[in-house]
Amino acid sequence: MDSTSATHDVTNQPPPLAPYDASEDTALLEGLRREGAGWAEEDVRRLGRLAGSAQAQEWAELANRHEPVLRTHDRYGHRVDEVEFHPSWHHLMRVAVTEGQAGAPWADDRPGAHVARTAGGLAWGHTDAGHGCPTSMTYAAVPALRHQPELAKVYEPLLTAREYDPVLRVPTEKRGLLAGMGMTEKQGGSDVRTNSTTATPTAEPGVYTLRGHKWFTSAPMCDVFLVLAQAPQGLSCFLVPRVLPDGSRNTFRIQRLKDKLGNRSNASSEPEFDGTVAWLVGPEGRGVKTIIDMVNCTRLDCVMMSATLMRKTLVEAGHHARHRSAFGARLADQPLMRNVLADLALESEAATTLTLRLAGAADRAVRGDEGEQAFRRIATAVGKYWVTKRGPAFTAEALECLGGNGYVEESGMPRHYREAPLLSIWEGSGNVNALDVLRALVKEPGTADALFAELALAQGADARLDAAVARLRGLLASASESGARRLVEQMALTLQASLLVRHAPAPVADAFCATRLGGDWGHAFGTLPDTAGLAAILDRALPGED
């Protein structure tokens with residue numbers, strides 16, 4: 001070797017993580033079984049191996065590097081309003097739809113079908129977050145569409161199909177459909193009651209024409225959209241197909257694609273409606289009530305994707321620490337790095353465990369369990385607020401574990417870091433979800449009973465948890481809008497702790513209660529007390545490479 005080439009020796013750098021098994025997560029697999037979907041474990045494991053393959057990881061990288069492109073007109077000047085995607089996007093979408101990540105659970109009568117989908121998302125989400133948007137909206141559209149049975153009869157079999165068919169044509173002529181949403185407008189955002197898009201009845205019953213401008217309509221290449229607009233009797237929900245039954249294009253003028261911080265593989269658009277044909281979903285004036293079921297579903301997916309990002313970046317950080325040395329020892333063997341990784345592992349397991357508990361509640365609620373319906377109503381909003389709020393800080397800490405290598409785009413960590421804030425914003429920001437919890441407590445008193453019934457299952461198992469439940473009751477007695485975040489945070493931490501006390505090994509539950517509830521913790525990750533069982537926590541969270 002000559003002196004020139006010797007300067008390019010590469011040492012003390014970790015090998016690529018891929019291929020790895022994204023489902024190799026004890027908390028994930030235990031939760032899958034516990035929440036009634038153990039029958040799906042083989043499928044989840046298979047999907048996890050595919051997600052961690054070099055090919056799937058490359059699809060994710062390429063789909064984000066080659067962003068979607070808006071084509072408003074064809075070469076002859078005809079308005080087409082189509083969005084073009086890199087082939088890697090279609091590979092990701094095809095797997096997701098085929099593996100049941102879109103509407104498939106609604107056509108599956110097996111108990112646990114919705115849990116199986118969530119567990120699959122926790123594994124498959126190790127690839128790319130952007131394509132989770134259209135699959136999530138398709139999943140969520142089904143219960144909303146059921147408010148109009150004659151429409152559901154036509155569209156539900158196609159929305160629940162496991163066929164990815166990206167070509168725009170008459171929906172009923174396709175093998176499978178994707179659904180999007182057009183709710184927010186520039187003047188109101190989450191305050192959808194201020195929407196100004198109008199819906200004018202036609203001579204045909206149930207058919208309207210829309211006129212207006214939507215502000216954030218993600219995945220504009222979908223086949224059908226659920227849209228809010230002002231009908232004569234108030235804000236109402238409508239089904240808008242991109243292609244009409246006669247084969248002509250519905251008016252859906254995409255003015256631009258958003259230049260977003262993250263989620264760049266997915267197109268988010270501003271469409272304009274002008275004589276756009278739409279079908280009423282649910283009664284006039286009951287648009288918000290019609291989409292409530294949809295919101296519950298998409299909020300659960302926000303929790304799921306935040307938990308997935310935590311797990312993905314923890315795995316990346318652990319892999320780096322095991323293969324990188326500094327100051328004479330592997331990073332993974334150094335006490336302070338072990339503290340950081342163990343602290344991240346606690347946060348990740350708490351998020352995953354809560355996600356699967358929420359999925360179990362959703363599954364049992366749709367099968368008629370009223371207690372689980374009440375628990376789902378409040379706990380999903382609580383989880384949406386807290387888990388998504390923890391995501392950015394978690395991802396930043398995991399990125400820092402890689403040092404300067406984590407700040408480089410090729411590591412993938414900047415992409416995850418940019419993705420993390422979205423989950424707190426989409427489907428209601430932190431304030432919206434915190435206030436929604438207050439609204440549920442006032443208008444649906446059974447939700448508080450359901451939450452405390454869940455917490456009671458761990459009563460007496462840990463004194464710090466019992467004290468936290470007592471504090472929570474005190475906060476509830478003096479709940480106010482200005483204190484809503486504090487209240488919901490306490491709800492989330494107490495709920496997560498109760499689940500870990502019941503289901504996780506003692507070192508995990510003890511460390512979580514000591515820090516998140518007992519106050520034996522700092523203000524950054526990596527400040528676990530010396531009494532925490534770091535080895536047991538890390539062996540559970542990051543098995544197999546030593």
Side-chain angles (χ1 to χ4, degrees), residues 35 114 140 143-144 146-147 190-193 235 282-283 285-300 302-303 354-389 427-460 465-499 501-502 517:
E35 297 297 338
H114 296 269
R146 287 177 175 178
H147 287 266
S190 295
D191 186 7
V192 294
R193 293 188 186 278
L235 191 67
R286 304 296 296 275
V288 173
K289 183 175 179 59
T290 300
I291 66 168
I292 285 298
D293 289 338
M294 189 173 194
V295 169
N296 279 333
C297 291
T298 48
R299 284 182 176 174
L300 171 58
C302 287
V303 182
L354 177 58
T355 298
L356 289 165
R357 176 65 184 94
L358 295 177
D363 192 87
R364 291 182 282 275
V366 300
R367 299 175 196 284
D369 188 320
E370 293 184 0
E372 288 289 83
Q373 174 62 37
F375 175 77
R376 176 200 189 193
R377 170 66 182 91
I378 192 167
T380 300
V382 167
K384 166 65 168 71
Y385 171 81
W386 182 243
V387 175
T388 64
K389 193 64 72 179
E427 291 306 343
S429 63
N431 284 355
V432 170
N433 276 270
L435 294 173
D436 189 41
V437 171
L438 291 187
R439 188 179 303 109
L441 292 170
V442 171
K443 294 189 174 183
E444 303 172 62
T447 57
D449 296 337
L451 178 64
F452 282 106
E454 178 76 15
L455 297 176
L457 296 175
Q459 185 174 354
L465 175 57
D466 291 342
V469 174
R471 288 197 300 274
L472 179 57
R473 289 188 183 277
L475 286 172
L476 274 175
S478 58
S480 66
E481 280 199 18
S482 65
R485 284 187 174 217
R486 185 180 181 88
L487 170 66
V488 177
E489 177 178 320
Q490 184 70 18
M491 284 181 172
L493 290 173
T494 307
L495 179 55
Q496 286 182 322
S498 72
L499 290 169
V501 164
R502 290 165 55 201
L517 300 183

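All residue numbers in this chain count up from 1 along the given sequence.
Atom-to-atom distance recorded for Ile291:CD1 and Cys297:SG is 12.0 Å, nearest 0.5 angstrom. Rounded to the nearest 0.5 Å, atoms CG (Leu465) and CG (Leu493) are 11.0 Å apart. Between atom CG of residue Leu441 and atom CG of residue Leu451 there is a gap of 8.5 Å, rounded to the nearest 0.5 Å. Distance check, rounded to the nearest 0.5 Å: CD of Glu444 to CZ of Arg377 gives 5.0 Å. Taking CG of Leu356 as the reference point, atom CG of Asp363 lies at 11.5 Å (rounded to 0.5 Å).
Between Glu454 and Arg502 the shortest side-chain heavy-atom distance falls below 4.5 Å. Between Val303 and Thr380 there is no side-chain heavy-atom pair separated by less than 4.5 Å. For the pair Val382/Asn433, no side-chain contact is recorded, criterion being any heavy-atom separation below 4.5 Å from C-beta on. Looking at heavy atoms from C-beta onward, Phe375 lies in side-chain contact with Leu495 at the 4.5 angstrom threshold. Between Leu438 and Leu487 the shortest side-chain heavy-atom distance falls below 4.5 Å. Asp466 places a side-chain heavy atom less than 4.5 Å from the side chain of Gln459.
No more than 12 heavy atoms of other residues, nucleotides or ligands shown are found within 6.0 angstrom of CZ on Arg193. Remark: Arg367 CZ is packed, more than 12 non-hydrogen atoms of other residues, nucleotides or ligands lying under 6.0 Å away.
Pairs of residues two or more places apart, or lying in two chains, that qualify as side-chain hydrogen bond (donor to acceptor under 3.5 Å, both in side chains) and include a residue from residues 285-298 are Thr298-Glu427.
Closest approach of Thr447 and Ala374 over heavy atoms only: CG2-O, 3.6 Å. In plain terms, the two heavy atoms of Ala434 and Ala484 that are nearest each other are CB-CB, 4.0 Å. Across all non-hydrogen atoms, the minimal contact from Thr388 to Cys302 is CG2-O, 3.7 Å. The shortest non-hydrogen separation linking Ser190 to Gly428 is OG-CA, 4.2 Å. Nearest heavy atom pair, residue Ala365 against residue Arg376, reads CB-CD, 4.2 Å. Shortest non-hydrogen contact noted between Thr494 and Ala468 is OG1-CB, 3.9 Å.
Looking only at distances, no side-chain donor or acceptor of Lys389 sits under 3.5 Å from a matching main-chain atom of Glu489.
Partner of Trp386 under the side chain to side chain contact (heavy atoms under 4.5 Å, CB included) criterion, chosen from Met491, Gln496, Arg485: Gln496. Evaluated for a salt bridge (charged side-chain N to carboxylate O under 4.0 Å, His left out) with Asp436, the options Lys384, Arg299, Lys443 yield exactly one hit, Arg299.
A salt bridge links Glu372 with Arg357: the distance from a Lys NZ or Arg NE/NH1/NH2 to an Asp or Glu carboxylate oxygen falls below 4.0 Å.
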